[in-house]
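First up is the structure itself, then whatever we jot down about it.
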Amino acid sequence: MKYYCGCKEIIIPDNKRPFGKGSEGEVFKIGDKLYKIYYPNAISDGYGSKENHHLYLSSIPTKKIIMPEELIYDQDGNYAGYSSSLVNGNQKDKNGIILMSSEEFLYNLELLEKDFALLSDSYVVVADISPVNYIFDKENSDMRIIDPGRYKHHIFDNKFKYVTQNTAQLESLIDLLIRLDIIKYKPIDTKKKQLLIADLISSKRREFMGSLVEFFENELDGYKDVYEYAQSLTKYIR
């Protein structure tokens, strides 16, 4: 089928295998770009047309969150989806972040935190943040978030709601990624112990009066990576 993206004509053959597929549409890889084509019944939702949302998101210069770049239209001029950059890394492989050096981990967290703050300042509420929409590039120690298609803007009348909701989304994602990572490595040798350590890190983080980066700067001081830090917590686990 023929589409138009920016000033380019894009041909996606009917038999072309999707690069990815979700509940709202399919993603196709052409060259070094991804093209997300929505199912017709997913173009609109309870907040209105996705076209306006995605156009707004494309103007926000995030570093770690892959935003829409250009909008896609079908031959009749109807909104069909958006293009985005291709990210290195295996979307199915979520492990590895706790083996990054503490400096690399904190660097990624700092940029992610700035992205979420930028979205809050832009009156965008983050949604659908989960390991499914997260990619880790092990080769470059690069943490990325993809698929912002469900993000919404200007839905609250109180800016603080954007900050609190977006912050909670990022913290929840990092908690979950650490939990999923810890259970894959030894010598934290039992699943019960692995889960207790992950829960302990989450609990300490929730009690900390400061940002996510400040928490891990404090906790990782003197440790080469998150896993060495996690191993040190075994003394608190029975």
Quiz item: Which word best sums up how the rings of Y82 and Y38 line up, parallel for under 30°, tilted for 30 to 60°, or perpendicular for over 60°?
Solution: tilted

Quiz item: So, the side chain of K235 versus the backbone of S232: is there a donor-acceptor pair under 3.5 Å, distance only?
Solution: yes

Quiz prompt | Distance in Å, S84 OG paired with I66 CD1, rounded so as to fall on 0.5 Å steps | solution = 7.0 Å

Self-check item: Main-chain N/O of V124 paired with N166 side-chain donor or acceptor, under 3.5 Å
Solution: yes

Quiz item: Would S85 and E69 count as a side-chain hydrogen bond (donor to acceptor under 3.5 Å, both in side chains) if you check the C-alpha gap in whole Å, the side-chain angles of each, and the deciding distance to 0.1 Å?
Solution: CA-CA 8 Å; S85 298; E69 292 184 353; 2.3 Å; yes

Self-check item: N/O donor-acceptor pair under 3.5 Å between Q91 side chain and V132 backbone
Solution: yes

Practice problem: Using a strict cut-off of less than 4.0 Å between a Lys/Arg side-chain nitrogen and an Asp/Glu carboxylate oxygen, indicate whether E219 and R205 qualify as a salt bridge. | Solution: no

Exercise. Return yes if some donor-acceptor pair links the side-chain N/O of Y151 with the main-chain N/O of L57 below 3.5 Å, else return no.
Key: no

Quiz item: Is it the case that H54 and Y79 place a side-chain donor and acceptor less than 3.5 Å from each other?
Solution: yes

Exercise. Count the heavy atoms belonging to other residues, nucleotides or ligands that lie under 6.0 Å from CD of E139, then report whether that count exceeds 12.
Key: no

Quiz prompt | side-chain contact (heavy atoms from CB on, under 4.5 Å) evaluation trace for L99 with K138 | solution = CA-CA 10 Å; L99 298 182; K138 292 183 181 180; over 6 Å; no

Quiz item: Is R144 paired with D137 through a side-chain N to carboxylate O contact shorter than 4.0 Å?
Solution: no

Exercise. Kindly work out whether a path of hydrophobic side-chain contacts (I/L/V/M/F/W/Y, heavy atoms less than 4.5 Å apart) joins M100 to V213.
Key: yes

Quiz item: Does the T167 side chain pair with the main chain of T164, one donor and one acceptor, at a distance under 3.5 Å?
Solution: no

Quiz item: What heavy-atom pair brings Y35 and K8 nearest, and what distance separates the two atoms?
Solution: OH-NZ, 3.6 Å

Exercise. Kindly indicate whether the side chain of L119, heavy atoms from C-beta on, has any atom under 4.5 Å from the side chain of Y162.
Key: no

Self-check item: Cluster overlap I237 with Y227, hydrophobic side-chain contacts below 4.5 Å
Solution: yes

Exercise. State, with a plain yes or no, whether a side-chain heavy atom of V125 is found less than 4.5 Å away from one of Q165.
Key: yes

Exercise. Search all heavy atoms of S130 against all heavy atoms of L173 and return the closest pair with its distance.
Key: C-CD1, 3.7 Å

Quiz prompt | Heavy-atom pair of closest approach, residues S23 and R150 | solution = OG-NH2, 2.8 Å

Quiz item: Hey, any chance I98 and L196 share a hydrophobic cluster, counting ILVMFWY side chains that come within less than 4.5 Å of each other, even indirectly?
Solution: yes

Practice problem: Spell out, as yes or no, whether a donor-acceptor pair under 3.5 Å connects the side chain of D181 to the backbone of G96. | Solution: yes

Exercise. With the side chain counted from C-beta on, respond yes when L212 and L170 share a heavy-atom pair under 4.5 Å apart, and no when they do not.
Key: yes

Quiz item: Looking at K63 and D115, what are the two nearest heavy atoms and their distance?
Solution: N-OD1, 2.9 Å

Exercise. In sequence, state the C-alpha distance, the side-chain angles, and the governing distance for Q231 and I197, and then conclude on side-chain contact (heavy atoms from CB on, under 4.5 Å).
Key: CA-CA 8 Å; Q231 285 181 284; I197 289 173; over 6 Å; no

Self-check item: Spatial distance of atom CD1 (I178) from atom CD1 (I183) [nearest 0.5 Å]
Solution: 13.0 Å

Quiz item: Okay, side chain of S120, backbone of F116: is any donor-acceptor separation there less than 3.5 Å?
Solution: yes

Quiz item: Can you check whether D225's main-chain N or O pairs, donor with acceptor, with S101's side chain at less than 3.5 Å?
Solution: no

Quiz item: Do Y4 and I72 come close enough that some side-chain heavy atom pair is under 4.5 Å?
Solution: no

Quiz item: Between Y73 and Q75, does a side-chain contact (heavy atoms from CB on, under 4.5 Å) hold up when you go through it step by step?
Solution: CA-CA 7 Å; Y73 296 88; Q75 297 178 76; over 6 Å; no

Quiz item: Got a sec: does the OH of Y56 have more than 12 other heavy atoms crowding it under 6.0 Å?
Solution: yes

Exercise. Look at the side-chain heavy atoms of Ile, Leu, Val, Met, Phe, Trp and Tyr, link any pair under 4.5 Å apart, and say whether L55 and I43 land in one connected group.
Key: yes

Quiz item: Salt-bridged, R206 to E171, with N to O below 4.0 Å?
Solution: no

Practice problem: Nearest 0.5 Å please: distance from the CG atom of L86 over to the NZ atom of K33. | Solution: 9.5 Å

Practice problem: Could you check if a side-chain atom of E26 sits within less than 4.5 angstrom of a side-chain atom of Y39, using non-hydrogen atoms only? | Solution: yes

Quiz item: Nearest 0.5 Å, what's the NZ-CG distance between K114 and D121?
Solution: 13.0 Å

Quiz item: Is there a donor-acceptor pair closer than 3.5 Å between any side-chain N or O of S49 and the backbone N or O of E51?
Solution: yes

Self-check item: Linked, directly or transitively: L176 and I145 (ILVMFWY side chains, under 4.5 Å)
Solution: no

Quiz item: Are Y123 and H153 near enough that their ring centres are under 6.0 Å apart?
Solution: no

Self-check item: Taking every non-hydrogen atom, the tightest pair across M143 and Y134
Solution: CG-OH, 3.6 Å

Exercise. Among F208, Y223, F105, Y229, find the residue that satisfies the ring-ring contact (aromatic ring centres under 6.0 Å, His included) test when tested with F216.
Key: F105

Exercise. May I ask you to check if K16 and F28 form a cation-pi contact, with NZ or CZ under 6.0 angstrom from the six-membered ring centre and within 45° of the axis?
Key: no

Self-check item: N/O donor-acceptor pair under 3.5 Å between S58 side chain and E70 backbone
Solution: no

Quiz item: Looking at side-chain heavy atoms only, is the closest gap between I201 and R179 below 4.5 Å?
Solution: no

Exercise. Quick one: do V126 and I129 satisfy side-chain contact (heavy atoms from CB on, under 4.5 Å)? Show the steps, please.
Key: CA-CA 7 Å; V126 176; I129 293 294; 3.0 Å; yes

Quiz item: For G149 and K50, which heavy atoms make the closest approach, and how far apart are they?
Solution: O-NZ, 3.9 Å

Quiz item: How many angstroms lie between atom OG of S83 and atom CD1 of I10, to the nearest 0.5 angstrom?
Solution: 8.0 Å

Quiz item: Atom CG of D175 and atom CG of D199: how far apart are they, to the nearest 0.5 Å?
Solution: 9.0 Å

Practice problem: Please determine which of I135, N140, D142 meets the side chain to side chain contact (heavy atoms under 4.5 Å, CB included) test together with N88. | Solution: N140

